[in-house]
Amino acid sequence: MIRKLGFKLSMAAFFILFYSTFTFAQKLDYSLRKDPSQRIQIAPESVFKSFREAGMKPVNHTLTPTEKEKVNHAFTLLPPLHQRILKQHLQSISFMDNMPNTALTSPVDKSGATKMFNITFRASLLDEDISQWATWKENTCFKQEADSNYSVRVEGGKMDGIIYVLLHEATHIVDLVTGITPHPEDANAIVEPTPFTKDIWRLMNKPADPYIDSLLEQTRFRSGKPVPISLAPDVYSQLSKTPFPSLYAMAAWSEDIAELATIYHLTNKLNQPFYIVFTKNNVELARFEPMKNALVSQRLDQLSTFYKP
């Protein structure tokens with residue numbers, strides 16, 4: 001009797017434990033499906049491999065509770081379309097130390113019927129606000145000259161830098177899923193333009209002829225090399241004559257839509273500033289504010305699909 005009763009109690013406890021664990025797993029699985037911000041995993045091995053081959057020593061970064069909160073908050077600020085697309089197509093997000101760039105969006109599980117993606121972020125981004133991060137990135141376009149006292153600064157507000165970068169990378173996924181821009185395998189392929197690229201881009205990474213400028217072609221995201229910082233006023237003057245919201249937007253049409261969507265959302269939806277200031281001895285000499293550029297403004301209607309409920 002005692003042994004049988006003990007066995008029955010043990011079996012009852014087992015089934016309770018099994019049911020509780022199964023129920024918890026179901027809830028966890030539902031939570032992951034419902035909330036992409038919870039899909040934090042180690043980056044795919046292919047991402048680690050690409051950075052190791054570039055001479056880096058990438059290391060997975062485990063988020064602190066404070067860092068997780070920043071990530072969660074950034075996801076809540078995405079446009080409605082981005083949130084819907086990520087629920088269906090974001091397999092995971094990852095954070096890495098010793099990563100050479102800020103973020104990387106990679107396709108995963110290419111054999112499946114549904115396109116799935118991973119976004120890997122440089123973990124130190126979580127310690128920066130938008131102005132700090134954007135200023136660092138913008139300065140990679142220029143080389144400082146001895147005793148010039150010139151500086152380039154981006155004023156993008158004090159919100160977390162992850163907000164800007166997540167929106168940029170999420171827009172890549174929206175683009176890849178919905179075809180805002182063409183995605184030929186060959187960058188030099190001549191393809192049918194989409195409404196977004198028509199009359200703006202000639203090839204995937206070549207602007208249309210009216211927006212080819214000899215100075216802009218020398219800048220980092222066109223040539224791979226920085227230009228002297230003393231040229232910054234001329235660079236932004238020429239950029240203001242194009243429909244591109246940033247120098248990075250000129251790298252390719254996929255970066256163009258990601259930058260345009262991000263800067264628009266930041267300024268028009270989150271009520272943050274976004275402009276670039278060139279100074280000498282802390283005196284402002286020039287300013288570039290993309291959302292006040294008429295050629296950029298003419299393109300904003302194409303972003304309305306991001307905000308449909």
Side-chain angles (χ1 to χ4, degrees), residues 74 77-79 81-82 85 101-105 119 121 125 128 130-142 152-157 159 161-176 178 180-183 194-201 204-208 211 213 216-217 219-222 224 235-236 238-270 272-276 287-307:
L77 297 179
L78 293 172
L81 180 61
H82 290 57
I85 292 289
N101 56 326
T102 301
L104 178 68
T105 295
I119 306 175
F121 299 93
L125 170 68
E128 301 171 287
I130 292 175
S131 295
Q132 291 169 329
W133 172 79
T135 294
W136 164 80
K137 181 167 184 171
E138 202 71 15
N139 274 276
T140 65
C141 297
F142 302 100
V152 169
R153 185 184 84 254
V154 179
E155 181 53 66
M159 298 182 80
I162 186 68
I163 294 170
Y164 187 111
V165 179
L166 173 63
L167 179 54
H168 180 104
E169 297 302 319
T171 303
H172 283 319
I173 295 178
V174 173
D175 177 23
L176 288 162
T178 64
I180 299 170
T181 70
H183 299 282
T194 64
F196 182 80
T197 64
K198 186 177 181 181
D199 299 327
I200 306 293
W201 291 90
M204 177 191 293
N205 57 4
K206 289 189 182 351
Y211 307 119
D213 175 80
L216 293 177
E217 287 298 298
T219 56
R220 181 189 170 214
F221 299 120
R222 298 296 306 149
V235 166
Y236 292 114
Q238 293 306 110
L239 184 60
S240 68
K241 299 173 184 177
T242 77
F244 303 115
S246 69
L247 291 173
Y248 192 35
M250 296 192 70
W253 56 39
S254 59
E255 302 300 348
D256 185 18
I257 180 57
E259 285 288 274
L260 184 65
T262 300
I263 296 172
Y264 171 78
H265 190 72
L266 184 69
T267 56
N268 287 47
K269 300 298 181 178
L270 301 182
Q272 297 299 297
F274 194 89
Y275 55 86
I276 299 164
R287 178 180 293 213
F288 174 71
E289 193 162 0
M291 289 299 110
K292 291 186 176 180
N293 181 345
L295 291 174
V296 172
S297 297
Q298 291 172 9
R299 309 177 71 196
L300 298 181
D301 287 346
Q302 298 186 62
L303 305 180
S304 61
T305 186
F306 294 163
Y307 299 95

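Keep in mind the model is a prediction, meaning the values are calculated, not measured.
From I257, atom CD1 reaches atom OG1 of T178 across 8.5 Å, with rounding to the nearest 0.5 Å. One finds the CE atom of M204 at 7.0 Å from the OG atom of S254 (value rounded to the nearest 0.5 Å). Put simply, CG on L176 and NE2 on H172 are 8.0 Å apart, with the number rounded to the nearest 0.5 Å. Annotation: the span from D256 atom CG to S246 atom OG amounts to 8.0 Å, rounded to 0.5 Å. Going from atom OG of S131 over to atom CE of M159 covers 11.5 Å, rounded to the nearest 0.5 Å. With values rounded to the nearest 0.5 angstrom, H82 atom NE2 is found 6.5 Å from T262 atom OG1.
A distance-only check finds no donor-acceptor pair linking the side chain of Q302 to the backbone of S304 [under 3.5 Å]. Panel note: side chain T135, backbone V154; a donor-acceptor pair is recorded below 3.5 Å. Distance alone, capped at 3.5 Å, is enough to place a donor-acceptor pair between the N139 side chain and the V152 backbone.
Aromatic ring orientation, W133 versus Y164: tilted (interplanar angle from 30° to 60°). Ring geometry for F288 against Y236 counts as parallel: the plane angle stays under 30°, on a 0 to 90° scale with 60° as the upper cut.
Residues T102 and K137 fail the side-chain proximity criterion, which asks for heavy atoms closer than 4.5 Å. Side chains of L266 and L167 form no contact here, defined as non-hydrogen atoms less than 4.5 Å apart. Counting only heavy atoms from C-beta outward, the side chains of F196 and R299 approach each other to under 4.5 Å. Residues P207 and T242 are not in side-chain contact: their nearest non-hydrogen atoms beyond the backbone lie 4.5 Å or more apart. When side chains are defined from C-beta on, F274 does not count as touching M291, because their heavy atoms never get closer than 4.5 Å. Residues W253 and P182 meet the side-chain proximity criterion, which asks for heavy atoms closer than 4.5 Å. Contact annotation: the side chain of R153 never approaches that of E138 to less than 4.5 Å [non-hydrogen atoms, C-beta and beyond]. Between Y211 and K241 there is no side-chain heavy-atom pair separated by less than 4.5 Å.
Ionic pairing of D213 and R222 is not present here: no N-O contact between side-chain nitrogen and carboxylate oxygen is shorter than 4.0 angstrom.
Here the two rings, on W201 and F244, have centers that are under 6.0 Å apart. Proximity of the aromatic rings of Y248 and H168 is defined here by a centroid distance below 6.0 angstrom, and this criterion is met.
Here the options are T194, T197, D175, the test is side chain to side chain donor-acceptor pair (under 3.5 Å), and the partner is T181; only D175 passes.
A donor-acceptor contact closer than 3.5 angstrom links the side chains of Y307 and H265.
In terms of heavy-atom proximity, P290 sits nearest to I263 at CG-CG2, 4.1 Å. Annotation for I162 and A74: closest pair CG2-CB, 4.0 Å, computed over non-hydrogen atoms. Annotation for C141 and R220: closest pair CA-CB, 4.0 Å, computed over non-hydrogen atoms. Summarising the geometry of A170 relative to I119, their closest heavy-atom pair is N-CD1, 4.4 Å, with the distance given to 0.1 Å. In terms of heavy atoms, A258 sits closest to T171 at CA-CG2, 3.7 Å.
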(request) Determine, step by step, whether L166 and F121 satisfy the side-chain contact (heavy atoms from CB on, under 4.5 Å) criterion, reporting the C-alpha distance in whole Å, the side-chain angles of both residues, the deciding distance to 0.1 Å, and the verdict. (result) CA-CA 9 Å; L166 173 63; F121 299 93; 3.8 Å; yes
